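Notes follow once the structure below has been shown.
A quick note: this is a predicted structure, and the numbers were derived from the prediction, not measured.
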Amino acid sequence: LVLAGTGPFAAAAPDDFAGDDALVRRAIAGEIPHYELEKRYLHRDGRVIWGLLFVSLVRNAGGTPVYGVAQVQDMTERRRLEEELRHSQK
């Protein structure tokens, strides 16, 4: 999976960025320890793919965020199959 941009945030579809931004702020503030979010990403060839983003912050002994760890799982095929199932049940 090769995303456009330099990481799971830069490659996000513009319409999906606002929800992720709010969760990042909550995680940094310590309101939540981690989060996961299903959202669209832009592949480097221009097509839209679906990914499940999982983000967790690593904090120092004082509780200050030191860095974040993010993982994106490609969910495009699952989304396609779910859509096919919905259409077949109509």
Query raised in the report: Do you know the tightest heavy-atom contact between N60 and G62?
Result: OD1-N, 2.9 Å
Query raised in the report: Should L57 and L23 be counted in the same cluster of Ile, Leu, Val, Met, Phe, Trp and Tyr side chains packed under 4.5 Å apart?
Result: yes
Query raised in the report: If you round to the nearest 0.5 Å, how far is CE of M75 from CG of L81?
Result: 11.0 Å
Query - Y41 vs D74 side-chain heavy atoms within contact, under 4.5 Å - result: no
Query raised in the report: Applying the 4.5 Å side-chain criterion to the ILVMFWY set and letting contacts propagate, would V55 and V24 be lumped into a single cluster?
Result: yes
**Report entry** salt bridge (charged side-chain N to carboxylate O under 4.0 Å, His left out) partners of residues 52-71, not counting sequence neighbours, each pair once
**Finding:** none
Requested in this report: Could you tell me which non-hydrogen atom of S56 sits nearest to which non-hydrogen atom of P33, and how far apart they are?
Outcome: OG-O, 3.9 Å
Residues 46-53 side chain polar contacts: donor-acceptor under 3.5 Å, at least two apart:
{"from": "R47", "atom 1": "NE", "to": "D45", "atom 2": "OD1", "distance (Å)": "3.4"}
{"from": "R47", "atom 1": "NE", "to": "D45", "atom 2": "OD2", "distance (Å)": "3.0"}
{"from": "R47", "atom 1": "NH2", "to": "H43", "atom 2": "NE2", "distance (Å)": "3.4"}

Report task. Give a yes or no on whether R25 atom CZ has more than 12 heavy-atom contacts from other residues, nucleotides or ligands under 6.0 Å away. Result -> no
Query raised in the report: Does a side-chain N-to-carboxylate-O contact under 4.0 Å join R78 and E82?
Result: yes
Query raised in the report: Does Y67 sit in a hydrophobic cluster with other residues, and if so which ones, taking ILVMFWY side chains as linked at heavy-atom separations under 4.5 Å, directly or through other members?
Result: V58, V66, V69
Query - Approximate separation, where rounding is to 0.5 Å, of E38 CD and Q73 CD - result: 9.5 Å
Query raised in the report: Thinking salt bridges, do E83 and R86 make one under a 4.0 Å N-O criterion?
Result: yes
